[in-house]
Number of protein chains: 2
Amino acid sequence: MTSAQEKTQASGPLVLSIDAMGGDRGPATIVAGLGIFARRNKDAHFILHGPAEELRPLVEKRKLADRCEIRDAQGVVSMEDKPSHVMRNGQDTSMWSTLDSVRNKEAAVAVSCGNTGALMLLSMVRLRKLPGVNRPAIAVLWPSKNPQGFNVMLDVGADIRADAEDLLKYALMGVSYARNGLSLERPRVGLLNVGTEEHKGRAELKQAHELIAAQADSAGFEFVGFAEGGDLSGDRCDVVVTDGFTGNIALKTGEGTASLIGQFLREAFAYSPLSRLASLLALTSLKRLQARIDPRRKNGGVFLGLNGTVVKSHGAADATGVAAAVELAYDLAQSGFGARLAERIATAAGAAEDGAAESGLEQKKDGTDP
Amino acid sequence: MTSAQEKTQASGPLVLSIDAMGGDRGPATIVAGLGIFARRNKDAHFILHGPAEELRPLVEKRKLADRCEIRDAQGVVSMEDKPSHVMRNGQDTSMWSTLDSVRNKEAAVAVSCGNTGALMLLSMVRLRKLPGVNRPAIAVLWPSKNPQGFNVMLDVGADIRADAEDLLKYALMGVSYARNGLSLERPRVGLLNVGTEEHKGRAELKQAHELIAAQADSAGFEFVGFAEGGDLSGDRCDVVVTDGFTGNIALKTGEGTASLIGQFLREAFAYSPLSRLASLLALTSLKRLQARIDPRRKNGGVFLGLNGTVVKSHGAADATGVAAAVELAYDLAQSGFGARLAERIATAAGAAEDGAAESGLEQKKDGTDP
């Protein structure tokens, strides 16, 4: 999407393309989440994709009919479908239709709860990668000790591989996201590794360290060097860059740890009659904690590096989670994020010092393996 | 160490070799931790390594003089020292001396708070790898939803690489640790990946999946297949196997997440006078929670795959943490863990179906890069 098109969007109502299908809890939950979001944002319009006969009563129940166009699509991508199968045979699916609304410039941004691998591959095929981007990435907001409350981490699973050039692009895309999503003027970037000393880690990380350091000044970010797992929730950097294998495992490890501590907390307060009494008195404090670590509050991975913005909601998201994902998509669309990211990547690609790196990129273009 | 030697140890007092130096808080903290452990375990004896003149008053202060031999070593390995430098020039250090007490069969197990990379490399050089083990691993106990309260994860950072054969050995070593350290008869093993479907992940993981599955029955464990980051603290498996790069980042991500939630919890209860009052009433419950997530309770990574057991305590450990690491070393030595692990690896190597895999291992023996 170009700047001009985003301006057109901004002058009319902002339109969001929503995949009603593919979530673990079915379309009723997704439309309920849309309802929550719609009550808070009166000006947004929607194109909702899925079986029309199933969606119509849900849309009417949530009083969305005047702001929501239903786009009939009978096929559904399941969590078990192989991405390559969907790419070849998924033309009738709600996911395909959702992305095509962005492709055709009818909507500013797409949101889906469906199969991540299929959504990423379809996004690459239907929206195409930005010039200069070999591997798109999925970025998430990670609760942190920083004043802004969150850090950006990418890639959390678009691709299990990333070479040094990819990691540089992730840094640039993450900086763009931090600037638009977290309002940070000069984000601090860290490169995830097993130690902060420069001699540590894999060869491609040392190479990426050099590439990212060389672009920091011209691209307006601060490079803090290598970061460790603890920095994901720490305050040493705002953007943490890693490959999709490591990022995915870190993301799920963090979620698992939070879930375990939540269970321990409940058990600690259910231990005895006295502790149950204490929990009543502590209820407000516990709810305050809950609100801060609730993964539903910032639900949504953002696909970066495509011609168009796609937000992937957690498959198991409830209505609150879906509303958060739609809100994130809305905020990004409003800030003109897509166009700014594209400009940033184009500038950086132009500024790349040697043509060799560029031609190296060209050669690898078919190497994506989601 | 052979079974016979361990029996000798068991008939006399069990001797632990302790590196007094290299911890962030200095030798006073380490000797204090030893004092805590010694009060709970009246029969254990120690060889304490470091500058004698500095250690003597500390040992006397903690009333350990009759159970603790001081072994003078003037050199100290710092956190900044490169492992290769220590290997070439570290003969006079307390770390070297600590390992040599195990090498010389004076002690059943070694404990150090020092530089992990140096400790691992020195351990490989002084204790040597077990026959059949190409890359030793560091295993930790990870708090989990399982009845035993912990899962075993390895490798958390001995080596940033691991091929399929290494991952198989990690599985076997992790099973041994779970059996001896967590009293699980038939541990369930998972292989860390970005999804549980068999087609996902890197090539070496698919190969490792096959190797581990083939050994499950003969080695007496259950293989649950691929595991995800969330399974580290979950109840789907008891042992999670991964390479040291991924494992190190997962470990520090989990620790960082726990630290962040701890901070949020304190802030939630410090928010208002009422919440501060509630926190007083909830104090017992909060302490109960604290005890369950306190990383000091199970402080200590265990080096597996060597002729002898080495426990690496966290460098920043306080006296409570040091005591926990010494306790872990003591428990492992008492269970005859080292000999059992060696037997398990020897049996598995003998049972390996094709000689090709074995000769492949031989060729790679010089490839270790800590």
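Each chain gets a letter, A, B and so on, in the order its sequence line appears, and its residues count up from 1. Any value given below was found using the heavy atoms of this structure, including those in side chains, with hydrogens, waters and symmetry copies removed.
Side-chain N/O atoms of A:Q148 and A:D238 include a donor and acceptor closer than 3.5 Å.
B:L232 touches chain A through its side chain: at least one heavy atom from C-beta onward sits under 4.5 Å away, while N, CA, C and O do not. In this structure, chain B has no heavy atom under 4.5 Å from any part of A:D235. At a 4.5 Å heavy-atom cutoff, the contact between B:S259 and chain A is made by backbone and side-chain atoms alike.
Rounding to the nearest 0.5 angstrom, the gap separating the CG atom in A:D166 from the CG atom in A:D159 is 7.5 Å.
Counting heavy-atom pairs under 4.5 Å between each of B:K82, B:E80, B:R202 and chain A puts B:R202 at the top. Of the listed residues (B:G247, B:G195, B:G256, B:G229), the greatest number of heavy-atom pairs within a distance under 4.5 Å of chain A belongs to B:G229. Comparing B:T242, B:D231, B:T246 by heavy-atom pairs within less than 4.5 Å of chain A, the highest count is held by B:T246.
Pairing each heavy atom of A:S233 with each of B:L260, the nearest pair is O-CD1, 3.8 Å.
Between B:V156 and the choices B:I249, B:L251, B:T116, the side-chain contact (heavy atoms from CB on, under 4.5 Å) rule is met once, by B:L251.
Taking a 6.0 Å sphere around NE2 of B:H209, one finds it holds more than 12 heavy atoms contributed by other residues, nucleotides or ligands.
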